[in-house]
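Some notes on the structure that comes next.
Because only heavy atoms are used, hydrogens play no part in the values below, and waters and symmetry mates are left out as well, while side chains stay in.
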Amino acid sequence: MGAAPDPKLTAMISGAGGNPLLIVELVQGLREEGSVEISHERARLLDERIPRRVRDLAQHWLDSLSDKARQLVQVAAAVGGSFMVVEVASMLRETTASMLPALNETIASGLLICPGEQTVFQHELVRRSIADALPAAVRQALRQDVSALRRQHCLQVPMPPEFLVTGGRAAGTPVPGSTDAPAPLPALSPPAVVVHGTGIVHRLLPALLMARSTRTEPLPLGLADELRAGLTAVLQAHYADVELTGTADAPLADRADRITRNTVSLFADGVQRATTRARAMLAAHQGRDDEADAVTATVVMSNLEWAVGNLAEGLRWGQRAVQCLGPATPPMWSPYVRLALATKLSDIGRFEEAEGLIRTARTEAEALGQPHTATPSIARAMLLLQSSRLQEAQDSSRTGLEVAAKTGGGWVVPVGQAVLILVALRRGDLASAADYAWRCRAAVGADSTVFPSIHFDWGECLVATAQLGARRTAELLTTTYAHLLTSPQLFVEEAAAAAWFVRLALAADDMPLASTVVTAAERFAAANPGRPTLAVAALHARGLLERDSEALRQAAREHVSPCAGALAEEDLGILLSAQEEKNGALGAAALRSALQRFVQIGSQGDIERIRAFMEEHGTPVTSAPRQGRAATAGWEALTETERSIAHLVSDGLTNRQVARRVSLSPHTVNYHLRAIFRKLGIGSRVEVARHITHSA
């Protein structure tokens, strides 16, 4: 709009929960219906009714659900911003168990999320749209029913975090235009902590072992209490099996309690105290290093050292943790201890060693049962991405995500989504990348066992660059993504990250930003001698900054990551091409070589970027394979995602069914389907099937 929104408009937009599609539809709808006035660079909301565009979108999403799931969503929308499944089940005369398939369907669709005991709508605008579509008498009757139910059973619905329901508004602030405030709740005493048994161990401990390096705050009290109770039960069962016959119950209980307290203490404190505790625990064990708390402390030491950039120490502790695995280690610890080390080896380019650890971890996870098999698949997806095996990375990530969706492994879902973001960007599929980024961020907010990860922000930052351009993204790098510029984790996990930042800074004519990144990369490499992947990454960044062709040539030759090597050769070609009289031919050769490398990787987005540059500068590309050039119409014009969707549609699957198969939202599938129609010159799903049959 070219104007700043007033408070009412800001509050209304917050009801989109950050969903780009909803925001665009809302703003365009408000403008079309004359509900916004722009004056003196200020956009003022005149009419607080939800525009038809948003209501139609909400109805489209609702129509994609099964009858029972649709009924659940409509009742829940009338009830208010948050509810408990048992309430809606009672109102629909169903059992909670019978409602689970419908609930899972609504969560998979992205309409609802479950950040704890309560279920909430992902987007308040969608909830309002669905509620407003119901007759007023029906809404009132449903609210009276739920109020009576809560009074009868003394149910209290815990309120979700503000941003999930209110978009950051103060508690109790109504959404502009809302006419259906949630039913009042009876005043009850604060509920006691609910213990969920050993299930919390299966959900939380793997996340902590794999992601402890990203936690800078203590584990929330409620989660710590749940973990403590669950661990005690798991350890008592395990040590009862491994102890000698006749062991007294009291010593066994004492042992389980001691190990539980030690283990939880590593996650219930901040980073500094956790490090101190871990060292003290390891010093006290004296030869009993295979007990659960000792193994956990060793992994924690490995993760924390890695997070601050002490790679040698991180590897040493990680290798020691694997060596500590023994009879006293509960089986559930083993795969995650190996995976924690595997991810570090993959980060520094030791792919074969990492792959071996992942294979062993997968075997151990399969013995534990399906809930544990998601993480090895996601860990392998990251390895495959780092080694530039894009199709395999996508397949492995989708496998892991399918298992996680079935078994509740929420903590690993955003990591898998981050892999899909980066694969989609490599292939030039910005629509899918943006959709994965949104789903990734939603998953982070929806599950209390999801911890911050550099993967999430890196993927979002790349999507922002593709959408906003270099100058706008450079501004974001001084605010939203400032932490990425000097992140040891990012520089070690993404071989081309430093060079990418320098590229962006130079394109935005921001030399201080470029210098800051180069200095950080070189400092990190100097602090970790003997790690060639870091040294070559710093060399690549410095070569870009100083227009040093020899540095870029060396980086192109020595990068372990195929993608990073191809990027360095592209940078070399662009630099030499700028020196047309002297090095024009050398620049063209370097660009063709970079193009060839990207073709081998299957990185369509990079292929198109280089081709566009070469064509703009009149550089012949005949030496490179032509398969990188995108067609504008026909089957060859479809992206790989579009081809997959076309085949599934031709098999008779609905958009919702296709969405589950390809790990996209139904509205993104619809976006791709429209693109398929346009490129094939057709207008229906039936014609898609005919086209594929004819081609076959």
Side-chain angles (χ1 to χ4, degrees), residues 207-219 263 265-283 294-322 324 336-337 339-350 354 379 382 386 411 415 418 450-458 461 477 480-498 500-501 516-538 541:
L208 292 165
L209 289 174
M210 296 289 292
R212 181 60 177 91
S213 57
T214 65
R215 284 197 60 79
T216 57
E217 299 295 331
L219 196 65
T263 301
S265 72
L266 294 171
F267 306 119
D269 280 329
V271 170
Q272 293 300 324
R273 292 189 66 183
T275 303
T276 301
R277 284 181 182 274
R279 291 186 182 277
M281 286 167 52
L282 292 171
V295 173
T296 304
T298 310
V299 176
V300 166
M301 287 299 303
S302 174
N303 290 342
L304 293 177
E305 293 286 0
W306 195 263
V308 297
N310 297 330
L311 303 191
E313 281 297 285
L315 281 178
R316 184 177 71 83
W317 284 109
Q319 290 163 341
R320 177 176 169 181
V322 172
C324 286
Y336 301 104
V337 171
L339 291 173
L341 176 59
T343 57
K344 298 176 178 63
L345 292 171
S346 178
D347 288 346
I348 58 175
R350 291 163 62 173
M382 286 299 303
Q386 290 171 319
W411 83 270
V415 181
V450 175
F451 304 137
S453 170
I454 210 69
H455 299 109
F456 312 158
D457 291 340
W458 172 240
C461 186
L477 286 174
T480 306
Y481 300 118
H483 61 292
L484 296 179
L485 296 175
T486 56
S487 167
Q489 281 185 285
L490 179 61
F491 285 173
V492 71
E493 293 177 16
E494 296 288 343
W500 184 87
F501 285 134
T516 297
V517 175
V518 172
T519 300
E522 290 179 338
R523 185 181 296 123
F524 185 35
N528 290 276
R531 302 295 170 199
T533 54
L534 302 181
V536 72

Identify the heavy atoms of [X] and [Y] that sit nearest to each other, and give their distance.
| X | Y | answer |
| --- | --- | --- |
| T298 | W317 | CG2-O, 3.3 Å |
| F456 | V415 | CE2-N, 3.8 Å |
| A521 | A498 | CB-CB, 3.9 Å |
| L477 | C461 | CD2-SG, 3.9 Å |
| S302 | K344 | OG-CE, 3.1 Å |
| L485 | A520 | O-CB, 3.9 Å |

State, with a plain yes or no, whether a side-chain heavy atom of [X] is found less than 4.5 Å away from one of [Y].
| X | Y | answer |
| --- | --- | --- |
| L311 | L534 | yes |
| M301 | R320 | no |
| L341 | L315 | yes |
| V492 | F524 | yes |
| Y336 | T296 | no |
| L339 | M210 | yes |

key: Interatomic spacing from CD in Q386 to OG1 in T343 - rounded to 0.5 Å   =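 Reported value, rounded in 0.5 Å steps: 8.5 Å.
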
task = Taking side-chain contact (heavy atoms from CB on, under 4.5 Å) as the test, write out the residues that go with A496, two or more places apart.
result =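 So A496 forms a side-chain contact (heavy atoms from CB on, under 4.5 Å) with A564, L567.
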
key: side-chain contact (heavy atoms from CB on, under 4.5 Å) against S487, all qualifying residues, sequence neighbours excluded   =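 side-chain contact (heavy atoms from CB on, under 4.5 Å) check on S487 returns I454, Q489, L490.
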
request  = Just jot down the salt bridge (Lys or Arg N to Asp or Glu O under 4.0 Å) partners of R350, sequence neighbours excluded, or say none.
outcome  = E353

request  = Just jot down the salt bridge (Lys or Arg N to Asp or Glu O under 4.0 Å) partners of R531, sequence neighbours excluded, or say none.
outcome  =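 For R531, no residue satisfies salt bridge (Lys or Arg N to Asp or Glu O under 4.0 Å) once neighbours in sequence are set aside.
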
query = So, D457 side chain and Y481 main chain: donor-acceptor pair closer than 3.5 Å or not?
reply = no

query = Hey, is the main chain of A342 close enough, under 3.5 Å, to the side chain of S346 for a donor-acceptor pair?
reply =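 Side chain of S346 to backbone of A342, a donor-acceptor pair under 3.5 Å: no, none is there.
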
task = State which residues pass ring-ring contact (aromatic ring centres under 6.0 Å, His included) with W500; sequence neighbours excluded, sorted by chain then number.
result =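 With neighbours one apart ignored, the set is W458.
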
key: From CA spacing to verdict: side-chain contact (heavy atoms from CB on, under 4.5 Å), L484, F501   = CA-CA 9 Å; L484 296 179; F501 285 134; 3.8 Å; yes

inquiry  = The test is side-chain contact (heavy atoms from CB on, under 4.5 Å); show your working for L266 and M281 and say whether it passes.
reply    = CA-CA 10 Å; L266 294 171; M281 286 167 52; 3.9 Å; yes

ask   = Which pairs with one or both residues in residues 480-498 pass salt bridge (Lys or Arg N to Asp or Glu O under 4.0 Å), sequence neighbours excluded?
value =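 Every candidate salt bridge (Lys or Arg N to Asp or Glu O under 4.0 Å) pair involving residues 480-498 fails, so no pair, neighbours aside, qualifies.
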
